[in-house]
Amino acid sequence: MINPRVLAEDPELVKTHLRRRHADESVISTVDEIVELQTTRKTHVLERDDLRATRNSSSKQIGALFKAGKGAEAGEMKAAVTAGNDRIKVLEAELDVIEARMHDLAMHLPNLLHDTVPAGKTEDDNPVERTWGDIPTFDFTPQAHVEVGAKLGILDLERSTKLTGARFAILRGMGARMERALINFFLDLHTGEHGHTEVMVPYMVHAHVAEGTGQLPKFADDMFKLAGKVNGEDAYLIPTAEIPVTNIHREEILDIDKLPIKFACFTPCFRSEAGSAGRDVRGIIRQHQFHKVEMVWLTTPERAEADHHQMVDHAETALKRLGIPYRVVRHCGGEVSFAAHKCFDLEAWLPSQDNYREISSVSWFTDFQSRRMKMRFRPAPVEGKKQKPRLVHTLNGSGLAVGRTMVAILENYQQADGSVIIPEALRPYMGGIERLVPPAE
RNA sequence: GGAGUCGUGACCGAGUGGCCGAAGGUGCCGGAUUGCUAAUCCGGUGUAGUGCAAGCUACCGAGGGUUCGAAUCCCUCCGACUCCGCCA
């Protein structure tokens, strides 16, 4: 959620940011509605609090009058307080409506953008920051991962349709092994060398938890909602570990000495892919279920920008170790996701597409998520004085998407005979084998 | 699923319907004392809204209700724990 103070004090600034995101005018106009509601709310609150103050002091007097045996006077005051209570009830009923509307509108407003977010509307407008690695050259026509995987007998996209239809896959033999190897490789890298704490978390979350990170209320269609309630509340399958992991410390005041808290987490991810019908239908690039190792950091506003760059670097390290050529792009205004302030994507080279495809997205959310989650930290004392809690900054980034990494390996390391060389860094995780070879016909 | 106990501040833990935003303790911060450490003593120490400020208002798992007045009484829900049953 955007800081309500900014909304109240500089609504035009907020609108400017919304325009940079190419938001609809209908969204932009809600800024004015929120500001109006804030004003109305304030007069209501002032009146209500005033009445409550009167009630509190009257109640004390009534008690004293009773003790003094002045029942008649007490009775008169009681009537006055009751009248005041009626007015309070009216005001509170109106406040409920005002606040619900205000909250609903505010929850649908995306985060403000960082100054360095470039103009642009689509991914074609994302400027390239840097590229790494040599694009492989082939003396044969490189195959798509679907063909490479099928020939190796490790990827079965036909039988999986018998189970759950399109956008699911069955990995078999060394395919399943490579999936597991990549997960372990990523986790070992991020825990052993990059200082993350590994966590395992629930794969279904309550609705209010998904509100904390910003997937709800706006993007319910992108998630799989469970038909039954879970412990009394609507729940969703997680589309990313970001949701459960970022929410771990919600509603807490964290010790600044513990920041940044750096989590690495492996989870399956479930996405409905509503609205992407027809896109990437072939292969395992876009699945309803996929695996991902995610990095989630809770940090201070002062550190956040530098931490963001470091997280990008950690994700790049994973790709470098695997020898996958990639580039880093900066999201333009139209591409920065709802909750994000600034975002870099890592895109891996895919020979079959003759292009780079997203394999990691690393975002900085400022206090947008932590305001929703009420997640704060206590700054160090200044001149012996305890400081007020402040909202933490949250970051997250894929490190990496496992299925897409496998796609990149199969395509970039494929050989003319249909075999695939296994990147050296991955070999210890695959029983030391150096190459996947198609079975004899 | 059955039976029962319980949810209070960063943490532990008191709390008879008004004098409770809440005793006491721990932790933390400052000060005093002390060769160092340890110990002791004094003071301070929740969050949020509003206001120049004094102050006022709200929050004792969540939401309703009773009452002039609720941490305290009633209802519903959520959560934790113990025992029994079932079970990967």
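Throughout, protein chains are lettered first and strands after them, A, B, ... in sequence-line order, and every chain is numbered starting at 1.
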### Query
Has the side chain of A:Arg427 got a donor or acceptor atom that lies under 3.5 Å from a matching backbone atom of A:Ile422?
yes

#### Entry: Main-chain N/O of A:Met1 paired to A:Arg371 side chain as donor or acceptor, under 3.5 Å
yes

Say you pick atom [atom1] in [N] and the same atom in [M]; how far apart are they, in whole Å?
| N | M | atom1 | answer |
| --- | --- | --- | --- |
| B:U37 | B:C52 | C1' | 49 Å |
| B:G49 | B:G64 | C1' | 24 Å |
| B:A48 | B:C42 | P | 31 Å |
| B:G1 | B:G24 | P | 44 Å |
| B:A22 | B:G55 | P | 13 Å |
| B:G46 | B:G9 | C1' | 6 Å |
| B:C20 | B:U72 | C1' | 10 Å |
| B:G13 | B:G7 | P | 10 Å |

### Query
Starting at the 5' end of RNA chain B, what dot-bracket string do you get if Watson-Crick and G-U pairs under 3.5 Å are bracketed, crossing pairs use [ ], other-strand pairs use | and unpaired bases use dots?
((((((((.[[[..)..(.....]]]((((((.......))))))(((((....))))).[[[[[..)....]]]]])))))))....

### Task
Give the ring-plane orientation class for A:His194 versus A:His314, where under 30° counts as parallel, over 60° as perpendicular and anything between as tilted.
parallel

### Query
Has A:Arg378 got a side-chain N or O lying under 4.0 Å from the OP1 or OP2 atom of B:G46?
no

Distance in angstrom units between [X] [atom1] and [N] [atom2], rounded:
| X | N | atom1 | atom2 | answer |
| --- | --- | --- | --- | --- |
| A:Lys374 | B:A48 | NZ | P | 11 Å |
| A:Ile88 | B:A58 | CD1 | C1' | 12 Å |
| A:Glu92 | B:G63 | CD | P | 12 Å |
| A:Lys42 | B:A48 | NZ | C1' | 14 Å |
| A:Leu95 | B:U57 | CG | C1' | 13 Å |
| A:Asp257 | B:C29 | CG | C1' | 14 Å |
| A:Arg41 | B:A48 | CZ | P | 15 Å |
| A:Asp49 | B:G49 | CG | P | 13 Å |

Do [X] and [Y] have side-chain N/O donor and acceptor atoms under 3.5 Å apart?
| X | Y | result |
| --- | --- | --- |
| A:Glu273 | A:Ser276 | yes |
| A:Ser360 | A:Asp345 | no |
| A:Glu242 | A:Thr213 | no |

### Task
Could you please name the option among B:C56, B:U47, B:A58 that lies closest to any side-chain atom of A:Pro389?
B:U47

### Message
Does A:Tyr236 form a ring-ring contact (aromatic ring centres under 6.0 Å, His included) with A:His206? I'd like the steps, not just the answer.
### Response
CA-CA 7 Å; A:Tyr236 295 81; A:His206 278 154; over 10 Å; no

### Query
Hey, does the Lys NZ or Arg CZ of A:Lys262 hover above the aromatic six-ring of A:Trp297, less than 6.0 Å from the centre and inside 45° of the axis?
yes

Taking only N/O atoms, report every protein-nucleotides 65-71 of chain B pair under 3.5 Å with atom names and distance.
| residue | atom | partner | partner atom | Å |
| --- | --- | --- | --- | --- |
| B:C68 | O2' | A:Ser59 | OG | 3.3 |
| B:G69 | OP1 | A:Asn85 | ND2 | 2.9 |
| B:G69 | O4' | A:Ser59 | OG | 3.2 |

### Query
Considering only heavy atoms, which members of residues 365-373 of chain A lie under 4.0 Å from some atom of RNA chain B?
none

### Task
With RNA chain B as reference, determine whether A:Arg5 or A:Asp96 sits nearer its 5' end, using the nearest nucleotide of each.
A:Arg5

## Note on the structure
Of A:Val45 and A:Ser57, the one whose nearest nucleotide on RNA chain B sits closer to the 5' end is A:Val45

Is the [atom1] atom of [X] crowded by more than 12 outside heavy atoms at less than 6.0 Å?
| X | atom1 | result |
| --- | --- | --- |
| A:Arg435 | CZ | yes |
| A:Met204 | CE | no |
| A:Glu302 | CD | yes |

### Task
Scan A:Arg48 against the nucleic acid and name what it touches under 4.0 Å (heavy atoms): base, sugar-phosphate only, or nothing.
nothing

### Query
For the rings on A:Phe344 and A:His331, is their centre-to-centre separation under 6.0 Å?
no

### Query
side-chain contact (heavy atoms from CB on, under 4.5 Å) with A:Ser370: which of A:His249, A:Met375, A:Arg390, A:His393?
A:Met375

